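In what follows, a structure is listed as structure tokens, so that the remarks can point back to it.
Numbers restart at 1 for each chain; the letters A, B, ... are given by sequence-line order, proteins then strands. Please read all numbers here as calculations on a predicted model, not as lab measurements. All heavy atoms count here, side chains included; hydrogens, waters and symmetry mates do not.
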Amino acid sequence: MFEALLVMAGIALVLGAVLGFASVRFKVQGDPLVDKIDAILPQTQCGQCGFPGCRPYANAIADGEADINQCPPGGDEGVRKLADLLGREYKPLNEEHGVEKPKAVAMIDEQTCIGCTLCIQACPVDAIVGAAKQMHTVVASECTGCELCVAPCPVDCITMEPLPETVQNWKWKYPTIPIGKAA
Amino acid sequence: MLQKLFKFHGGVKPDSRKQDSTRQPIRSLPLPSELIVPLHQSIGGTPRPLVRVGDRVLKGERIGAAEGPVSAAVHAPSSGIVRAIEDRTMPHPSGLPASCVVIEADGDDRWFEREPVPWKSMKGDELRDYLRDAGIVGLGGATFPSHVKLRAGAKPTHTLVLNGAECEPFITCDDMLMRERAAEIIRGAGIMAQMLAVERVLIGIEDNKPDALAAMRAAAADGIEVVAIPTLYPAGGEKQLLRVLTGVEVAAGRRPLEFGLQCFNVGTAYRMARAIDHAEPLISRIVTVAGNVEAPANYEVLVGTPIDALLAAGRPRPDTDRVLMGGPMMGFALPTTAAPVVKATNCVLAGSPSLLPPPPPEMACIRCGTCADHCPVDLQPFELYWFGRSHNFGKAQEYHLFDCIECGCCSYVCPSNIPLVDYFRFTKSEIWARERDKTAADLARERFEARNERQEREKRDKAERLAAKAEATRKKLVDTEPVAGAGTASPAEEAKKALIAAALERAKQQKSSVKPRNTDNLSADKQAEIDEIEARRARAGGRTVEPPENS
Amino acid sequence: MSAEHTAAATSLRSAGVMLAFAVVFTMMMAATYRFARPDIEAAREAAKMKLVDAVLPPERYDNPLLEDTVELGPTPALGLREGGRVYRARHGTDDAALIVEAAAPDGYGGRIDLLVAVGADGRVAGVRATAHSETPGLGDYIDPRKDRNKHSPWIEQFRGRGPEPAGELRLKKDGGELDYRVGATISARAVTGAVARALAWTRAHAAELYAAPAGSHF
Amino acid sequence: MSHSPYLRESRSVRQIMLQVLLALLPGIVAYVWQFGAGVLIQLLLASTAALAAEAAMLRLRRKPLGLYLGDLSAIVTAWLIALSLPPIGPWWMVVLATLCAIVVAKHLYGGLGQNPFNPAMVAFCVMIVAFPAQMSQWPDAGLDFGQQLDLILGGERVLDAITAATPLDALRTGLRAGGAEAHVAEILQGAAFGTVGGRGWEWVVAGFALGGLYLLWQRIISWHLPAAFLLTMALTATLLWGMHPERFASPLLHLATGGTMLAAFFIVTDPVSGSTTPKGKLVFAGGAAFIAYMIRSFGNYPDGIAFAVLLMNICVPLIDMYTQPPVFGHKRGSS
Amino acid sequence: MSSYVFVVLGAVLVNNVVFVRVLGLCPFMGVSKKLETALGMGYATTFVLTLGSGTSYLIDHYLLAPNDLSYLRTLSFIVVIAAIVQLTELIIEKTSPLLHQVLGIYLPLITTNCAVLGVPLLNVAMSHNLLESLLFGFGSSIGFTMALILFAGIRERLEGADVPVPFRGTAIAMITAGLMSLAFMGFAGLDRYQ
Amino acid sequence: MDRQITREILFNGLWKQNPGLVQLLGLCPILAISTNVINAVSLGLATILVMILANLGVAALRNFIPYEVRIPVFILIIASLVTVVDLAFNAWLHGLYLVLGIFIPLIVTNCIVLARVEAFAAKNDVVHSTLDGLAQGAGLLAVLAVLGAMREILGSGTLFSGIDLLIDGAEPLSLFGAHYPGFLLAILPPGAFFALGLLIALRNWLEGRAAARRHARGTLAPAAEAGAA
Ligand SMILES: Cc1cc2nc3c(=O)[nH]c(=O)nc-3n(C[C@H](O)[C@H](O)[C@H](O)COP(=O)(O)O)c2cc1C
Ligand SMILES: Cc1cc2nc3c(=O)[nH]c(=O)nc-3n(C[C@H](O)[C@H](O)[C@H](O)COP(=O)(O)O)c2cc1C
Ligand SMILES: Cc1cc2nc3c(=O)[nH]c(=O)nc-3n(C[C@H](O)[C@H](O)[C@H](O)COP(=O)(O)O)c2cc1C
Ligand SMILES: Cc1cc2nc3c(=O)[nH]c(=O)nc-3n(C[C@H](O)[C@H](O)[C@H](O)CO)c2cc1C
Ligand code: SF4
Ligand code: SF4
Ligand code: SF4
Ligand code: SF4
Ligand code: FES
């Protein structure tokens, strides 16, 4: 009995000391996981996931505070990638956060625009150019299609236009009905 | 001198079926009433239109100017009036429309004023600009602007190869061109050879074209060697041909120029000669009409001619169920025959269920390796297929998906009838799409972060300035307090009020001077886009916003 | 400075907690051990005795035979490469039986460890395979627990056999009397051979074995 | 709509499988001649079971029945199973083996072309692990067809009279029983072992080799696999035989016995579960031969080919990954 | 000498921890979806298992056995292994950030790999000496790593397979593991040859 | 105690988050010990006991355990409990003790025990934690029992062989008579993998069918998560 206590106490003491020490000394470190998650997110910065931007959502996923199926722009494939990265089960997109939509860009009706700059302030990626009391325009190649500019516009001159398919961005379709991935 | 020939791995030997369309000389086609000239006819930038609706143009007049370093001009194929600049269905597997200049031919076919080209006295860049403006692009299939390929590389170029292999079944446009116009091809080759300062010129022709070989041998000048190469599809692929003739293997993603080689199609050489000697821009080409037609033959066709018109000349048989542009190995079914002939059109092939039978049902891959045995670039097509199927795009790239030249040999031999090339095309375009998304995401992240940082900075600055201001105001108030001491309010209260007033004033000022700061640090083309937007805004008429250019 | 400081403090604290837990739970285990120990030892004894019972009926002896042993060194005749043990069963003052550890080196799957009981009459009292790696389902019928024939397991055939008449300890296939399972002769042959050798050796050394002091080396 | 190429010229999967079946015929004829016609019953049983299982699985998985059933791959698997099981095994054994192969090893993985393990060898391994007794009963010479049929259909098994060991089993048995004293030569003398490989086996082996050469000539299999398999087997056997001729059988025996030839030309050549790159094929077949030899000579099973093939099947993804042939332009010395 | 070879050979092939001894299956199923992660897990396990085998031998031989404390084996072994895991993490984090990136996420998972406790316990049961314990630990972990890597290779390939729906994912992986285990039965007896 | 939560915890352990079929934890004992029902159930009961006690202990003590040493402390607690169980088997069920071998001590590293302690007991109160231990253990036990029965019936055609280790003189059931050849593979490790694979597939199939039915009815699955999630 006494030896038992001695042995175990010794082991426990050493172990406890080492672990306590280690936990303090080696605590702070950037979380590389967040970067990996962030790299998967589409960077639309739309906030549909319930976080102010993609990176905060990435942080939340890494901390286990958010599920992996909250980003509609990332779509089904995004969820799959996240599931893969985190070794979790895939689950369909949570519809509470919205549904996957075809890519679109914002377009400002330049006739109606009154130059209030509200959309500029709303755009998370500075894709709108223009100055106060001047007509505003969206730089289409920079617009992520997040729709954040649509609501603030006081004269409703912003619409989302789906990206048209052109000879340049046309994609070859999957050859036949996929047998494997159909389900 | 006997040329030592090399071999490439794999390849297939489909029945060549070239006899029918080589029985008659190259014919010409009556002038169509409407010519549809797509602006985008070469790899690279889409030419900028130089004409407006209603303009009158002459044959050979430039109607689209090259845009960017890799691009080539387009020209009016005949004289007439520009009726529209609008989207028309392209001869492209997508069947999507793209911007075209539609010219109503006036029937005069009056040439634009041509001046002889003093090419010997021109500097290299000048001459290349001339070729660009003459719209000379590779006629071997890729329509790569030829002037780009005629710039000497870092290493001296020692060998120019002319590609007269024409390995696809049915197609005979190069064959006929070589039989009938060998002298001008040799002439073009000479010009190219001079521009590249090469030591020798090799012309590779498959040995199933004895007439063309003879004609070319007869016309060949000194330093130009006409070589018969074994008939084996795809010997006409640039890399395969270079391998056969020189033994050099040009890896995917690398240019022949890096190995001191350059390769052009014989048709390209011919157009080159025409452009220099006759100042004739690329407005027509030889097109084979073959397959399920009564009168297979080659035609010299104006670019922009509706394929309908060309096909009608060949008199398709009633059981024709589809029309291909290009050969049966690499061509594609035209979404509509109303699409125009373009510079890339080498063949219009009418198909019937017996001539081009519908594919048997696709079965599972049994990993037999036959496809790998026949792949001319030593790929493992079944692995690529497997990765494409499982959407494992990273692995597909690791296994050199992008080395695939889409020659179709693998699909041709697969015992399970798997449309392997389709899987590769699908995989490739998915990867490209993903890459586009990725760049867009990276850009968005960068801009988002920049904006956040800027807002932080502004907030901080503002807070600092406010603090400083408040301090100053308070000082001032404190200083002036004794003087204004007779007021009803207590000095402290007064100070506060002043402070608020000052802050309000500042805020007001700030607000009215708000100027979006997101226009700092713009790249050149971003700036260009913005400029364009500004210009449009100035015009205030145009209301459409162009979709972003993706290529 | 604070990092070092907190590190030390945290180390101390966690060491303390660990210590506390360790002490409490070790005490719990130790107590259980104390409590269960007699039963554990009894159970161990019982397990051993079960095996002995299988080769020698308990009514044939009355001594604590697990303590009445002789240690053997490497004995090729018994197939023992590293030594083994002999248990001596006595009834009153009479010698009752010797229980010998032996091994058959030539089983299909390698060595087969055996326990062979040899009665004072010089005949086999019982045999058990204690460890073997014969093919499951084929050669493992030498273990009565695996033998499909539950009512007269193969290994029970040895009971009462001796060296004479000839053929008592040989397979039918080899001209003897013992049954075997077709398709798995090797296992049977290996066990039979080892039993015959063990019997011969034991008979030859019976007197010395009975006489040797308990626990002594032979 | 389909895309280019619009031309196709190929042997269909069905034709390939048909040719494999054809190539098996000489070996089967020799087999019947030497061991009696019992094996024909087994072939029939296996084929029927295979087709039935394949049809049932296709139906369950809602695949076009006619298309896939006609590819004959199930028959190839069935025949290989029938040829590797003892010809007088009870009927349920060959049926169960075929079901294992088709249902578990093939269709659970998605059917033709997707199974990582060789179905026939899976079946063999399952059987030898589950029913070692039945799996080691080979007919003695002199059993006529009626007797064989009776045995297959469940006749009373007085096994002593009917079974004889295959050369490898006898070798293994002899070595185990006699320990180090027994000499290979003596063991082999004891049984009526024919001139080379064992009673009659050399004819069967020659038949399979003939069929294999036909497949080689037809370019259905590449030389890498049989060559690597036979060479490795011969080399390993020669090496050990050279060191201890009294303990190990001669290379000739190893080549001309058991499933060696069948394996070299018909089993390691299974395109689906084998390696696909040229170098990979060498590694795959060589590895299989080496492991098979080791199991034969040192392990618990009389023949290790089936286990060896499965073990190498496990390694195939990695072998393929590390033996990718250089791609056009990426070869050494060509840049 | 050769007996040591057989210890390793036996542990790697004949009595493979995963396929024959049926230990360490949770990580075997859990981190074998990708080759990359399988490798990382394999390295980490090899390190900890080898070291753990040696340390456990020392503890058992010098601390527990002389004091008749064999009932503390389970506890002391697992606690020591947990400590080794923590220390390893600490050390490689400090000395090789690269290695830490590779192994970091796997190390904590090792404590619940029952092979790391099972192998030391088997060492005691098989009364191995120190060297044998180390070799057995090393061999077992190599066997584990090998199994993991080969399994990952097959699973990667299975990704594109048209597996019947109920079997997709873990079910077919389990069947595959069964077939691998079947194949490994072929090695039976190879460690016994003299 | 809330009925709803109770039901959820039980449902999770037995079906939705079943350790053996879904979480794939605790696989080694499941596969190694399920050669017959008696072994399987005995080990399952031992595991349940440990799980309940471990969850209970940790939930009760969780406020005293500093974060940085929580894992070692959990392990300490679990290992002690396992040792106690081990000693008990040794003393009072010695026959079983010999059969189960190292798998009793291996309950310590049975991933499911630590996983539940960390994921549930460390965050929930004593009552729910105990229940969770019971539910998860029962899930494990269920899988073990089914697997054990499958393998024993197929492999040797009996049921409850080895019952004499528990009840002296009790006889196992023989199902197919003495002539059943026995599908040996089922008892060997490959058989264990196959059997579990089939069980998982069966569960997937049932789930798939249920989902299809829900879909047909147009109702979505009640998205109820366990208290732990
Ligand atoms: C994106 C792209 C860039 C190219 N850049 C060059 C170049 O810089 N210099 C050059 O000589 N050829 C260049 N080429 C031309 C190729 O080397 C080749 O001659 C051309 O693609 C036609 O070959 P093909 O019809 O076999 O595709 C380029 C081709 C492509 C597709
Ligand atoms: C599979 C394949 C086959 C080809 N066959 C020919 C051919 O027969 N004749 C030809 O001139 N170009 C052929 N090409 C195009 C050449 O690779 C290459 O683009 C051309 O010779 C370059 O010359 P250009 O720039 O003048 O077009 C083929 C390309 C591929 C990918
Ligand atoms: C996989 C396999 C395992 C075998 N295992 C055993 C065994 O454990 N014991 C045995 O005696 N024979 C075993 N044999 C059978 C022997 O190889 C040999 O055929 C048999 O012992 C000879 O018996 P017989 O004289 O009754 O034909 C096994 C055979 C095979 C194929
Ligand atoms: C050359 C060749 C060898 C084959 N060998 C086998 C074999 O060893 N085992 C087998 O089950 N099927 C074999 N097959 C048939 C087929 O490939 C097999 O059923 C697939 O593995 C099923 O997906 C073979 C087919 C060919 C063409
Ligand atoms: S929902 Fe929007 S903000 Fe959230 S991650 Fe997706 S794209 Fe980013
Ligand atoms: S322009 Fe509108 S839709 Fe586009 S990124 Fe900015 S806020 Fe989003
Ligand atoms: S030829 Fe077809 S079946 Fe053969 S490996 Fe290639 S893709 Fe598979
Ligand atoms: S299409 Fe691509 S993969 Fe197929 S043979 Fe041609 S180059 Fe090889
Ligand atoms: S129980 Fe999880 S690894 Fe063994």
Side-chain angles (χ1 to χ4, degrees), chain A residues 38-45 52-55 74 77 80 103 105-111 117 120-121 123-132 134-146 161-181, chain B residues 40 46 90 92-94 96-98 362 364 388-391 418-419 422-423 425-430 432-433 436-438 440-452 454 512-519 526 529-530 533-534 536-537 540 542-551:
Chain A
D38 194 43
I40 290 174
L41 298 176
Q43 305 303 326
T44 307
Q45 316 293 1
C54 301
R55 186 148 192 113
E77 176 156 340
R80 273 184 208 285
K103 276 246 161 59
V105 288
M107 231 177 290
I108 297 180
D109 181 347
E110 290 169 0
Q111 308 270 270
T117 76
I120 292 194
Q121 287 161 44
C123 179
V125 292
D126 289 343
I128 304 177
V129 288
Q134 266 188 6
M135 180 210 310
H136 286 48
T137 306
V138 176
V139 181
S141 63
E142 268 161 18
C143 171
T144 63
C146 70
E161 300 280 330
L163 273 178
E165 195 175 37
T166 66
V167 173
Q168 275 81 36
N169 68 10
W170 174 74
K171 289 201 279 185
W172 283 88
K173 305 298 173 292
Y174 194 85
T176 45
I177 307 125
I179 335 172
K181 295 271 168 178
Chain B
H40 189 101
T46 304
M90 293 269 78
H92 183 270
S94 67
L96 287 171
E362 174 182 348
R389 238 176 83 115
S390 49
H391 293 241
I418 301 170
D422 283 0
Y423 281 96
R425 292 179 183 127
F426 158 77
T427 314
K428 283 179 182 175
S429 61
E430 282 298 315
W432 283 322
R436 283 199 294 269
D437 286 354
K438 183 102 187 66
D442 286 346
L443 179 76
R445 183 186 296 116
E446 217 170 86
R447 291 183 66 84
F448 180 61
E449 275 162 14
R451 183 182 113 113
N452 283 351
R454 194 190 70 232
S512 64
S513 72
V514 153
K515 184 166 172 287
R517 303 268 199 91
N518 55 5
T519 42
K526 276 296 111 58
E529 190 168 354
I530 294 171
I533 290 166
E534 299 283 354
R536 192 146 31 83
R537 186 179 293 143
R543 297 188 37 176
T544 49
V545 172
E546 301 271 315
E549 180 78 57
N550 274 321
S551 72

With a 4.5 angstrom heavy-atom cut-off, could you sort out which part of [X] is near chain B: side chain, backbone, both or neither?
| X | answer |
| --- | --- |
| A:Pro42 | backbone |
| A:Pro162 | neither |
| A:Glu165 | both |
| A:Cys123 | backbone |

Charged N to carboxylate O below 4.0 Å: is that the case for B:Arg445 and A:Asp38?
yes
Quick check on B:Lys428 against chain A: is it the side chain, the backbone, both or neither that has a heavy atom closer than 4.5 Å?
neither
Which heavy atom in B:Met90 sits nearest to a heavy atom in A:Val167, and how many Å separate them?
CG-CG2, 4.2 Å
A:Thr137 versus A:Glu110, closest heavy-atom pair with distance:
OG1-OE2, 3.1 Å
Distance col, row A:Gln45:CD vs A:Cys146:SG, nearest 0.5 angstrom, shows 8.5 Å
Any side-chain heavy atom of B:His92 within less than 4.5 Å of one from B:Leu96?
no
